[in-house]
Structure formats: structure tokens, C-alpha cells
2 protein chains.
Amino acid sequence: MGWMMETYKGKKRQHYLEKHSISHLFSFPIEEFVEVREYKRDEWIIREGMRPDYLYYVIEGKAKIYVTYQNGKVSLINFINAHDYIGEMELLHEVYYTKGIQASAKTVCFAVPLHHYRKKLLEDTTFLRELTKFLSVKATKMAEKYSQGLSFPLENRLADFILQTADGDMYKEKHVTVCDFLGVSYRHLLHVLVQFCEKGYLHKEGRHYHIRQTDELHRLADVLKNGLEPGS
Amino acid sequence: MGWMMETYKGKKRQHYLEKHSISHLFSFPIEEFVEVREYKRDEWIIREGMRPDYLYYVIEGKAKIYVTYQNGKVSLINFINAHDYIGEMELLHEVYYTKGIQASAKTVCFAVPLHHYRKKLLEDTTFLRELTKFLSVKATKMAEKYSQGLSFPLENRLADFILQTADGDMYKEKHVTVCDFLGVSYRHLLHVLVQFCEKGYLHKEGRHYHIRQTDELHRLADVLKNGLEPGS
DNA sequence: CCCAAAATATGAGATATCTCATATTATTGT
DNA sequence: ACAATAATATGAGATATCTCATATTTTGGG
């Protein structure tokens with residue numbers, strides 16, 4: 001289990017700080033003590049149950065949030081992408097059960113040391129406003145997912161997931177990850193995928209799937225879009 | 001559909017402002033332009049799709065957040081209780097599809113006029129920090145509900161719900177509301193409740209249920225508690 | 001290059017959950 | 001007090017989804 005997270009130094013660090021400046025997210029200079037870190041695929045950025053000493057801001061890459069239940073079942077809760085914060089719960093709350101966060105691709109993030117900045121962060125309007133926006137979006141998305149997840153069969157949620165994660169017209173996600181994320185059994189996921197192929201929505205090519213009828217998938221996915229768009 | 005929301009004036013208003021002071025939530029005096037409103041059971045505090053002009057802070061009562069899907073199905077997303085904010089999404093984001101919020105009991109709340117305070121609120125550290133805490137808790141709860149909802153059968157979620165909403169050792173929630181909240185059909189909810197009675201966990205008395213074996217319900221509900229408690 | 005582990009596949013039977021049909025009570029408005 | 005509407009109940013058949021068993025293929029490490 002080598003957890004050899006790499007910290008960029010010198011020129012490389014400087015390059016990231018400049019190219020992906022986060023100074024607009026704070027009203028005070030923060031770069032001096034910020035670490036630039038790279039996590040490799042499958043490395044744990046935060047281990048479940050362990051309080052982190054840093055607030056992270058993701059620059060590039062992709063990670064997954066996991067939680068382990070008492071019965072041993074591990075569940076994928078959400079994805080983390082560029083421009084997301086990690087560890088904000090621990091910054092805000094004294095007690096909080098930390099979830100596990102694992103990089104699913106090479107992930108670069110800024111690590112803001114809390115022992116140094118905690119107080120300043122909690123008094124910084126600019127930072128708090130940004131964080132509040134981030135959290136409100138997160139809360140809304142989770143709320144939507146929740147009601148969607150409970151209200152519709154896999155057929156609809158999978159169609160949506162395929163459209164959201166497709167690489168061009170190819171769907172390439174790993175089944176194991178997906179059935180974890182969508183909370184269904186591997187068997188059933190395959191079953192619905194086969195149906196999609198039989199109906200001609202998808203065509204299996206090797207271990208990937210070619211999207212043949214985007215419109216039909218949209219029809220299925222649209223069922224879980226709520227309400228009207230703002231402005232109507 | 002009389003929507004005769006009542007606004008307290010004079011002495012009554014003053015009484016609420018003093019007894020449930022919210023001055024600690026802001027670093028500037030806010031009471032001058034705050035309205036104290038009372039919504040009766042089933043009144044809409046915010047109508048779905050309509051942007052509110054106020055930020056609300058609930059003092060007493062209980063409300064429900066609803067969303068309507070394109071297929072016409074209405075889904076209960078969450079409850080709102082005392083000390084919750086309403087309308088924070090609209091304060092933070094220019095575009096946002098507003099969900100419907102309906103009082104499920106007499107509900108008193110403070111209404112902060114945005115046209116007057118919007119700018120000040122977004123620059124107030126104290127307010128933003130409070131709101132951030134509120135939102136982070138909300139986001140976490142939704143995330144937990146989401147993964148729970150997807151991962152466990154109704155038996156477990158219902159046990160948890162019963163324990164959480166029980167009034168002493170009596171469970172009194174309305175079935176219609178519950179099956180909406182838990183995202184299951186009325187038929188199935190009844191089916192599982194009957195099972196609980198047959199197993200002796202509950203005993204039906206009129207339209208309420210007497211909890212007879214808390215331990216057994218806890219055993220079912222504990223399955224969806226994640227991880228270890230902080231500090232272990 | 002080989003092995004063990006992970007990921008992919010597929011079948012069959014068991015459950016969980018839904019839909020629809022239909023009655024019987026509350027509740028509410030007038 | 002009455003009619004309309006909502007909430008509660010219950011049965012029966014249809015689906016969605018799960019569990020388990022088992023086989024094949026891919027992948028990563030030594």
C-alpha cells in the first residue's frame with residue numbers, strides 16, 4: 001500500500017500556482033503556505049474516519065467519495081471533479097465523520113494547511129461566499145439525486161448516467177463502479193444494458209458501448225429532470 | 001386557495017424578535033426591516049418556480065420541500081424545521097429553479113427583505129459562516145440519505161424513520177406523507193408495516209402504532225448508520 | 001511468462017416493490 | 001348535515017431488482 005503522494009516543489013509548484021491561481025477565492029494572500037500535491041490513481045486523498053489537516057481545492061483530476069457501512073458494504077457516494085473543495089466539513093465542524101476520498105485518475109490539488117489558515121479562512125468573506133455557493137450547489141444536487149434515485153427505475157437513471165459520462169458517442173465506464181454509484185447489483189446493471197442493446201439504443205463494441213440512439217436515451221433521462229427551467 | 005399569510009405587527013412582532021433573537025446570526029443590526037410572518041398549515045411559503053424576495057429563517061413550525069417532475073409526479077424531498085433557512089439558494093445564485101415549500105403546521109418565520117439586505121448579507125462574515133455550516137450539514141444529510149436510500153430495502157429505512165419521528169413510543173405519521181418521503185408506493189409501505197406488526201415490533205392502535213420492540217427496530221435501522229463515531 | 005485477483009458474463013430462482021382495482025373510513029368545505 | 005375529497009385498507013398479478021452459482025476474460029505483480 002504505497003501512499004506516495006507527491007508534493008510539487010520549486011518551479012513545478014510555482015507553475016501550478018500561477019496557471020491555476022486561486023487568489024480570487026480569498027481576500028488575503030494564501031499562496032505562501034499552500035502545498036501543491038499530486039495523487040495517483042487509486043491513492044487515498046483522505047482515509048475514511050481520519051480527520052484531515054488540510055483543506056483541499058482540486059485543480060485537475062477526478063476522485064470518488066466512499067463510505068463504509070457497518071455490514072461491510074462500501075458505497076460510492078459521489079464524484080469529485082476540478083474546482084471542488086475537499087475537507088470543508090472538517091474545517092467547519094468540530095465533530096464530523098470523515099468519508100474516504102480516493103483519486104480515480106491522477107489528481108492535482110492545492111492543500112491549504114488548517115493549522116496555519118483555519119482562523120483566517122473562517123473570517124474571510126470572499127472565501128466563505130465561494131464556499132457557500134459550492135455547498136449550496138452540492139446540497140441541491142444531492143437532493144435531486146436523492147429524490148431521483150428513489151423515484152425512478154434503473155432504466156431512467158442509467159440513461160442519464162450514460163449521457164453524462166459518455167466520451168463522445170462512446171460509453172466506457174466500468175460496470176463495477178457504475179453499479180456501485182447507482183446502487184444496483186452488477187447483475188441488474190448488465191440486464192438493463194443488454195435491454196438497451198436489444199432496443200438498439202446502444203451497440204456493444206468490445207468492452208465499450210456505442211451510443212446509437214441518443215434521442216431515446218434522452219427520452220428516458222428527461223423523465224428525471226424536474227420542473228421548468230428558470231426564466232420560463 | 002386563500003393564501004392569507006399573516007404578518008405580525010407592533011407588540012406581537014416585537015415579542016418574537018426579542019424572544020427568538022437572531023441578532024447573533026448577523027454582525028449588523030437586522031431587525032428593523034425584518035418581517036415576522038405566520039403561515040398556516042398547508043399554506044405555501046414559496047411556490048414552486050417562483051423566486052422569493054425574502055430570505056426566511058424558521059422560528060417555529062414545520063414545512064415540507066416539494067418538487068414536481070415532468071411526468072406530474074410530486075415528490076417530498078425533505079422536511080424543514082425550526083432554525084432552518086429558506087430561500088438561501090435564491091440569495092446565492094442568479095439562476096435557480098425554486099422548489100415548493102409548504103407549511104405542514106403553523107409556522108412562524110422571519111422574512112429578511114432581499115432588496116434591502118442582499119448586498120449586506122453577502123458581505124457579512126458572521127452570516128456567511130452560519131449559512132455555510134447550515135448548508136454543509138444539509139449537504140451531508142442529503143448525501144447520506146441518498147446512499148442509504150439506494151442501498152437498503154424499505155424495512156431498514158422505515159425502521160429508522162419510525163424511530164426518528166416517533167412521539168414517545170407512538171408512531172403517528174400519515175402514510176401518504178411517509179411513502180412520498182421514502183419514495184415507495186403506499187401499498188408497499190402498508191405491507192412492511194403489517195410485517196412489523198406480525199413480528200411484534202409494532203402494535204396497531206387506531207390509526208397510530210405503538211412501538212413494542214425498540215431494540216428490534218434499532219437493529220434494522222443501525223444497518224444504515226455508517227462508519228465509526230468520531231473520536232474512535 | 002504465470003498466477004492470483006478483479007472484472008466481465010450469463011442463467012435461474014427468490015424478493016422487493018409497483019400497479020391497478022376496489023372498499024371502507026376520515027376530513028373538509030358549504 | 002351532506003357531499004366531495006383525501007386517507008386508509010386489502011387482494012392479486014406484474015416488474016424490478018437481488019442473490020447465488022458458475023464460467024470466461026482481463027489485469028497487475030513477481
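Quick note on labels: first sequence line is chain A, next is B, and so on, each numbered from 1.
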Distance, rounded to the nearest Å, where [X] contributes [atom1] and [N] contributes [atom2]:
| X | N | atom1 | atom2 | answer |
| --- | --- | --- | --- | --- |
| A:Leu193 | C:dT8 | CG | P | 11 Å |
| B:Leu190 | D:dT10 | CG | P | 7 Å |
| B:Asp180 | D:dA7 | CG | P | 10 Å |
| B:Leu189 | D:dA7 | CG | P | 14 Å |
| A:Gln195 | D:dT15 | CD | P | 12 Å |
| A:Tyr186 | C:dG11 | OH | P | 13 Å |
| A:Phe152 | C:dT19 | CZ | P | 11 Å |
| A:Glu155 | C:dT17 | CD | P | 19 Å |

Are OP1 or OP2 of [N] and a side-chain N or O of [X] less than 4.0 angstrom apart?
| X | N | value |
| --- | --- | --- |
| B:Arg187 | D:dT10 | no |
| B:Lys204 | D:dA9 | yes |
| B:His188 | C:dT19 | no |
| A:His191 | C:dT10 | no |

From C-beta outward on [X], which listed nucleotide comes closest to its side chain: [options]?
| X | options | answer |
| --- | --- | --- |
| B:Tyr209 | D:dT8, D:dC18, D:dA9 | D:dA9 |
| B:Arg157 | D:dC18, D:dT8, C:dT17 | C:dT17 |
| B:Ser185 | C:dT8, D:dT8, C:dT19 | C:dT19 |

Practice prompt. For residues B:Tyr56 and B:Phe110, establish whether the separation of their ring centroids is below 6.0 Å.
Written response: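 They do not qualify: ring centres at least 6.0 Å apart.
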Worksheet item: Is A:Met170 atom CE crowded by more than 12 heavy atoms from other residues, nucleotides or ligands, each under 6.0 Å away?
Response: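 Yes.
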Fill in: Parallel, tilted or perpendicular: rings of A:His175 and A:Tyr186 (30°, 60°)
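The arrangement is perpendicular - the two ring planes meet at more than 60°.
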Item to complete: Fit a plane to each ring of B:Tyr85 and B:Tyr57, take the angle between them on a 0 to 90° scale, and name the class: parallel (under 30°), tilted (30 to 60°) or perpendicular (over 60°).
Response: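 Geometry flag for B:Tyr57 against B:Tyr85: perpendicular rings.
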Practice prompt. Determine the sole option in A:Asp169, A:Ile162, A:Leu163 for which the side-chain contact (heavy atoms from CB on, under 4.5 Å) test with A:Thr214 is passed.
Written response: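 Testing each of A:Asp169, A:Ile162, A:Leu163 against A:Thr214, the sole residue satisfying side-chain contact (heavy atoms from CB on, under 4.5 Å) is A:Leu163.
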